[in-house]
Amino acid sequence: MADVEEVNVEEVDVGEVGMEQVDVKEVQVVVAHNERATLRVGDVFLKIDADQTRTDVEVEAMAMAPIPTPEVLWRKPPVIALAALPGTALGRLGEPSAASSAAWVAAGAAVRMLHDAPLPPWPGRSIDEIAARLDGECERLVTNGVLPADLVTRNRRIAEAALRSWTPVFTHGDLQVTHVFVDGDEITGVIDWSEAAQGDALHDLAILTFGHEERLGDVVAGYGTDVDLDVIRAWWSLRSLLAVRWLVEHGFDPFLPGCEVDVLRSRM
């Protein structure tokens, strides 16, 4: 994939990020790495992605989702402009969430509404694909000395519980706590739908509560049905093992307190 710097955005005028001219005082870089970048300009987010397939999925998934999503203001490949959601993120990885218990319950209810919706027409990754990727990542983590072998082996064993048959539902696919916005106890919207697909319901619940295990009870209460907590914990391990090397290579730090490596260590 092309680096962000190589993506041609010369035709995008940040002074006209919405439908009319705005006074731009600051352009905030929300996230940037060699696959995509997100900029905030006033109340508009500009997402630049080198892979237009991800943007296609995001636009279609937001149109299909039965829960609030950002308004698409315009799209001019490789850029999509989205209106900012009201409220604040439900939380952040590595930090205690200031959101109320009721807000987390509401998040669980919103996820259930999504999972009850008609399936998107495109499939997600198969169990075999996930297992093969996990095996490859575990081998590289140990061979390259990124993580101790016992830590990888223990969490790979736990992750096995996630690799079972499931009934596909409409999943967000990357339901990080920072992707869910709340205002008080109400969900105002969910962002970043580029990984949406048919998938495992418990994967969404696991990613939402990743690093916030103390909030799992609230989310499950809002979800409204019994779930296999061992499978959710398995997805925590699996997610961490798949993410660590990517995060390091893209300038992020999975070793920070409360982040991916700490999640792995908590399983020992």
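Here, residue 1 is the first one in the sequence, and each next residue gets the next number.
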query = Under a 4.5 Å cut-off applied to non-hydrogen side-chain atoms, are Glu60 and Pro120 in contact?
reply = no
ask   = Does any N or O in the side chain of Thr209 come within less than 3.5 Å of the main-chain N or O of Arg215, such that one atom is a donor and the other an acceptor?
value = no
request  = Report, as yes or no, whether the 6.0 Å neighbourhood of atom CD on Glu213 holds more than 12 heavy atoms from other residues, nucleotides or ligands.
outcome  = yes
query = Is the count of non-hydrogen atoms from other residues, nucleotides or ligands lying under 6.0 Å from Met64 atom CE greater than 12?
reply = yes
inquiry  = Run the salt bridge (Lys or Arg N to Asp or Glu O under 4.0 Å) test against Arg92 and tell me which residues pass, sequence neighbours left out.
reply    = none
request  = Return the set of residues passing side-chain hydrogen bond (donor to acceptor under 3.5 Å, both in side chains) with Asp228 (not counting sequence neighbours), or none when no residue passes.
outcome  = none
ask   = Is there a side-chain contact between Val27 and Val29, using heavy atoms and a 4.5 Å cut-off?
value = no
request  = For Ser266 and Val263, indicate whether the former's side chain and the latter's backbone hold a donor-acceptor pair under 3.5 Å.
outcome  = yes
key: ILVMFWY cluster, Leu39 and Phe45 together (side-chain gap under 4.5 Å)   = no
ask   = Would Val190 end up clustered with Val105 when hydrophobic side chains under 4.5 Å apart are linked, directly or stepwise?
value = no
query = So, Asn144 side chain and Val146 main chain: donor-acceptor pair closer than 3.5 Å or not?
reply = no
task = Assess whether side-chain contact (heavy atoms from CB on, under 4.5 Å) is satisfied between Ser240 and Arg267, documenting all intermediate values.
result = CA-CA 11 Å; Ser240 298; Arg267 303 299 108 187; over 6 Å; no
query = Is there side-chain contact between Ile48 and Pro78, with at least one heavy-atom pair below 4.5 Å?
reply = yes
note = Grouping ILVMFWY residues whenever side-chain heavy atoms fall under 4.5 Å, the cluster of Ile207 otherwise contains none
task = Using the test salt bridge (Lys or Arg N to Asp or Glu O under 4.0 Å), find all partners of Asp253 that sit at least two apart in sequence or belong to another chain.
result = none
query = Considering residues at least two apart in sequence or located in another chain, which fulfil the side-chain hydrogen bond (donor to acceptor under 3.5 Å, both in side chains) criterion with Thr38?
reply = none
ask   = Which pair of heavy atoms, one from Glu260 and one from Ala243, lies closest together, and at what distance?
value = CG-CB, 4.3 Å
Pairwise ring pair (Phe, Tyr, Trp, His ring centres under 6.0 Å) hits with a residue in residues 84-124, at least two apart = Trp104-His212, His115-Tyr223
query = Are any of the side-chain heavy atoms of Val72 and Leu82 separated by less than 4.5 Å?
reply = yes
key: Which residues share a side-chain hydrogen bond (donor to acceptor under 3.5 Å, both in side chains) with Asp200, sequence neighbours left out   = Arg164, Trp235
task = Please identify each residue that fulfils side-chain hydrogen bond (donor to acceptor under 3.5 Å, both in side chains) with Asp192, with sequence neighbours left out.
result = Lys47, His179
ask   = Which atom names give the shortest non-hydrogen contact between Ala206 and Ile232, and what distance separates them?
value = CB-O, 3.6 Å
message = Please tell me whether Val231 and Val111 are part of a single hydrophobic cluster in this structure, the criterion being side-chain heavy atoms less than 4.5 Å apart.
response = yes
task = Report the distance from atom CZ of Arg54 to atom CD1 of Ile80, rounding to the nearest 0.5 Å.
result = 13.0 Å
query = Any side-chain heavy atom of Asn155 within less than 4.5 Å of one from Trp236?
reply = no
Nearest non-hydrogen partners of Val180 and Leu208, listed with the distance = CG2-CD1, 3.9 Å
remark   = Here the gap from Phe255 atom CZ to Arg265 atom CZ, rounded to the nearest 0.5 Å, amounts to 7.0 Å
message = More than 12 heavy atoms of other residues, nucleotides or ligands under 6.0 Å from CD of Glu186: yes or no?
response = no
inquiry  = Within this structure, what is the CG-CG distance for the pair Leu151 and Leu264, rounded to the nearest 0.5 Å?
reply    = 5.0 Å
query = How many angstroms lie between atom CG of Leu256 and atom CD of Glu95, to the nearest 0.5 angstrom?
reply = 10.0 Å
ask   = Hey, are Arg125 and Asp128 close enough for a salt bridge, meaning a charged N less than 4.0 Å from a carboxylate O?
value = no
message = Just to verify, what does Asp174 make a salt bridge (Lys or Arg N to Asp or Glu O under 4.0 Å) with, not counting sequence neighbours?
response = Arg239
inquiry  = Tell me if the CG atom of Asp150 is crowded by more than 12 foreign heavy atoms within 6.0 Å.
reply    = yes
key: Minimum-distance pair of heavy atoms, taken over all atoms of Thr225 and Val220   = O-CG1, 3.9 Å
ask   = For Ile158 and Ala234, which heavy atoms make the closest approach, and how far apart are they?
value = O-CB, 3.2 Å
request  = With sequence neighbours left out, write down each residue that passes salt bridge (Lys or Arg N to Asp or Glu O under 4.0 Å) with Asp56, or none if nothing qualifies.
outcome  = Arg75
query = Atom CZ of Phe210 and atom CG of Leu175: how far apart are they, to the nearest 0.5 Å?
reply = 13.5 Å
note = Scanning both residues in full, the closest heavy-atom pair of Asp230 with Ala161 reads O-CB, 4.4 Å
key: Asp185 side chain to Ser100 side chain, donor-acceptor N/O pair below 3.5 angstrom   = yes
query = Which residues, ordered by chain and number, are linked to Phe252 in its hydrophobic cluster, where ILVMFWY side chains connect at heavy-atom gaps below 4.5 Å, directly or through other members?
reply = Val31, Trp246, Leu247
Got a list of side-chain donor-acceptor pairs under 3.5 Å for residues 131-138, not counting sequence neighbours?
from, atom 1, to, atom 2, distance (Å)
Asp135, OD1, Arg156, NE, 3.0
Asp135, OD1, Arg156, NH2, 3.0
Glu137, OE1, Arg245, NE, 3.1
Glu137, OE2, Arg140, NH2, 3.2
Glu137, OE2, Arg245, NE, 3.4
Glu137, OE2, Arg245, NH2, 2.5

task = Establish whether Leu229 and Leu238 are linked, either directly or via other cluster members, by ILVMFWY side-chain heavy-atom contacts under 4.5 Å.
result = yes
task = For the residue pair Asp204 and Thr171, confirm or rule out a side-chain donor-acceptor distance under 3.5 Å.
result = no
query = Could you go step by step and tell me if Ser101 and Asp218 meet the side chain to side chain donor-acceptor pair (under 3.5 Å) rule?
reply = CA-CA 6 Å; Ser101 174; Asp218 290 333; 2.9 Å; yes
key: Single-linkage hydrophobic cluster Trp74~Trp193, side-chain heavy atoms < 4.5 angstrom   = no
Between CD1 on residue Ile187 and CD1 on residue Ile67, distance to nearest 0.5 Å = 8.5 Å
message = Is there a side-chain contact between Pro254 and Val248 in this structure, where contact means two heavy atoms from C-beta onward sitting under 4.5 Å apart?
response = yes
